[in-house]
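Every chain is numbered from 1, with letters handed out A, B, ... down the list of sequences. Computed from a predicted structure; not experimentally measured.
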There are 2 protein chains.
Amino acid sequence: MIKYSRQREAIRKQISNRGDHPTAETLYAELKGDFPNLSFATVYRNLNQLVEQGEIAKINVGGATRFDYDPLPHSHFFCRKCGAVIDMPENDSAMLLAAHEGFSGIIEACTSNFYGICPECAAEAKKRSN
Amino acid sequence: MIKYSRQREAIRKQISNRGDHPTAETLYAELKGDFPNLSFATVYRNLNQLVEQGEIAKINVGGATRFDYDPLPHSHFFCRKCGAVIDMPENDSAMLLAAHEGFSGIIEACTSNFYGICPECAAEAKKRSN
DNA sequence: TTTGCTGCAAATTCTTTGCACTGGG
DNA sequence: CCCAGTGCAAAGAATTTGCAGCAAA
């Protein structure tokens, strides 16, 4: 049976409020203010529990582990300039599934990773060149 | 200047011969036969060097680091039954790029991750149900 | 009261680094 | 001869685990 805990609730809320892909360390640092005695163990235990419950997802960004507020499989964009990880608006998996219909295995899900320059950095570069 | 070394050559050959996505530990274990004094440090150093030289690639499979004999960005299929990581024959990035033309950033590369049952496991399951 | 959760510290796992020595160029 | 590469051991970084005390239910 899973009991309520203020720490877990704070972690859940923090990830959800941020709406991005923080590392365990980032979350720990941010919550340390509200819970001075917070330990990494608690953060990790709760993050793993939330992942198991399917409330959040664990993703991997260039070797580092990050947590995603959206547990459903979806695509990400990785900016090579600022390092940002952005959710991609659409994940046309139907199209991808069709594209790989020659594959004899069973494709259940598909996510894509896009690499390049994010909208912000692109705009920044454009502004400078003016 | 990069010098020849039998260890590095063996590592390079091993990855290439396997044609799959081994971990550093797997490679170490396999090469330990030919090089009884081989150390993990040598394996890691050489793997990292080969990655830097663009001869192989580092990929991440469920939190674990693996090495890919094919350094060019391409898609992978992850079997949830046997854990196999299979290269996907085609990576129609042009299609994906087109699909995301509404995105205001600059997409330079794209790889997809497919999840499901690999051809072998699928065939196995089918055979059993007969 | 029972059992999960927390904090702390120690333990793990994976990978890198320092150093003296070997070996390729 | 010179410096990259090696092996070994120690150092690091990230994450997990053991345990005693605390707090939900």
Side-chain angles (χ1 to χ4, degrees), chain A residues 1-16 20-68 71 78 83 85, chain B residues 1-16 18 20-69 71 78 83 85:
Chain A
M1 189 238 226
I2 293 175
K3 289 182 183 173
Y4 167 88
S5 98
R6 268 172 301 151
Q7 287 87 337
R8 183 183 313 120
E9 211 42 45
I11 290 171
R12 194 204 315 270
K13 184 176 295 178
Q14 186 72 8
I15 294 183
S16 158
D20 66 350
H21 316 80
T23 60
E25 196 177 0
T26 299
L27 291 167
Y28 170 79
E30 292 178 342
L31 294 171
K32 192 74 174 174
D34 299 311
F35 300 86
N37 295 323
L38 184 67
S39 77
F40 264 109
T42 298
V43 174
Y44 278 112
R45 271 187 295 235
N46 281 308
L47 285 171
N48 287 337
Q49 192 186 85
L50 291 170
V51 168
E52 272 175 31
Q53 291 172 225
E55 297 196 34
I56 62 176
K58 200 183 252 186
I59 65 173
N60 192 286
V61 181
T65 302
R66 286 162 178 268
F67 295 87
D68 193 327
F78 304 93
V85 180
Chain B
M1 189 239 226
I2 292 176
K3 289 182 184 172
Y4 167 89
S5 100
R6 269 172 298 154
Q7 287 87 338
R8 176 162 50 247
E9 212 41 45
I11 290 171
R12 194 205 314 270
K13 184 177 294 177
Q14 186 71 10
I15 295 184
S16 158
R18 292 180 56 98
D20 67 348
H21 316 80
T23 61
E25 196 177 359
T26 299
L27 292 168
Y28 170 79
E30 292 178 340
L31 294 171
K32 192 73 174 175
D34 299 311
F35 300 86
N37 294 323
L38 184 67
S39 77
F40 264 108
T42 298
V43 174
Y44 277 111
R45 272 188 294 235
N46 281 309
L47 285 171
N48 287 336
Q49 192 187 86
L50 291 170
V51 168
E52 272 175 31
Q53 291 174 225
E55 296 197 34
I56 63 175
K58 200 183 251 185
I59 64 173
N60 192 286
V61 181
T65 301
R66 288 163 177 268
F67 295 86
D68 193 326
Y69 68 100
F78 303 93
V85 180

State the [atom1]-[atom2] distance between [X] and [Y], to the nearest 0.5 angstrom.
X       : Y       : atom1 : atom2 : result
A:Leu31 : A:Arg6  : CG    : CZ    : 12.5 Å
A:Leu47 : A:Glu52 : CG    : CD    : 11.5 Å
B:Glu9  : B:Gln14 : CD    : CD    : 12.5 Å
B:Arg8  : B:Glu55 : CZ    : CD    : 9.0 Å
A:Gln53 : A:Asn46 : CD    : CG    : 9.0 Å
B:Arg12 : B:Ser5  : CZ    : OG    : 8.5 Å

Least distance between heavy atoms, [X] atom then [Y] atom:
X       : Y       : value
A:Asp68 : A:Ile15 : C-CG2, 4.4 Å
B:Pro71 : B:Ala57 : CA-CB, 3.9 Å
B:Ser16 : B:Tyr69 : CA-CB, 4.2 Å
A:Lys58 : A:Val51 : N-CG2, 4.2 Å

Got A:Thr65 and A:Ile59 here, is their nearest side-chain heavy-atom distance under 4.5 Å?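 Answer no - side chains too far apart.
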
For DNA chain C, determine which residues of [range] have any heavy atom closer than 4.0 angstrom to one of its atoms, and list them numerically.
range                     : value
residues 43-56 of chain A : A:Arg45, A:Asn46, A:Gln49
residues 22-42 of chain A : A:Asn37, A:Leu38, A:Ser39, A:Ala41, A:Thr42
residues 2-9 of chain A   : A:Ile2, A:Lys3, A:Ser5, A:Gln7, A:Arg8

Is it true that a side-chain atom of B:His21 and a backbone atom of B:Val85 form a donor plus acceptor pair closer than 3.5 Å?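 Yes, because the side chain of B:His21 sits within donor-acceptor range (under 3.5 Å) of the backbone of B:Val85.
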
Give a yes or no answer on whether the side chain of A:Lys32 reaches the backbone of A:Leu38 with a donor-acceptor pair at less than 3.5 Å.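 Yes, A:Lys32 side chain to A:Leu38 backbone: donor-acceptor pair under 3.5 Å.
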
Derivation of the side-chain contact (heavy atoms from CB on, under 4.5 Å) call for B:Ile11 and B:Leu50: CA-CA 9 Å; B:Ile11 290 171; B:Leu50 291 170; 4.1 Å; yes

For B:Phe35, all residues meeting ring-ring contact (aromatic ring centres under 6.0 Å, His included), sequence neighbours excluded: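 None.
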
Span of DNA chain C, from the first to the last nucleotide whose atoms fall under 4.0 Å of chain B heavy atoms: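 Here the contact window of chain B covers C:dC14 to C:dG25.
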
If the helix axis at each end comes from five base pairs, how far does the helix from C:dT1-D:dA25 to C:dG25-D:dC1 deviate from straight, to 10°?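 The value is 30°.
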
